[in-house]
Amino acid sequence: MALFVLAFTTAVIMLWRSLLDYTDDAFIASMLVALAGVTFVPPAAKLYRS
């Protein structure tokens, strides 16, 4: 479980950094990361539990 959390955190940080470079706006990058989290985390958690 700890490895999963570490991998997920690393992926979120890498996504945020790449979006920050692309958009040059930290708020927009954060909102896009939040949107990705809301979209992909619940199905991933469901798969992880099964």
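- Residue Pro42 comes nearest to Gly37 through the heavy atom pair CD-O, 3.7 Å, listed as atom of the first residue, atom of the second, then distance.
- Side-chain contacts under 4.5 Å among hydrophobic residues (ILVMFWY), followed directly or transitively, place Val33 together with Phe8, Val12, Leu15, Trp16, Leu19, Leu20, Ile28, Leu32, Val41.
- Other residues, nucleotides and ligands contribute more than 12 heavy atoms inside 6.0 Å of the CZ atom of Phe4.
- Hydrophobic side-chain contacts under 4.5 Å tie Leu3 to no other Ile, Leu, Val, Met, Phe, Trp or Tyr residue.
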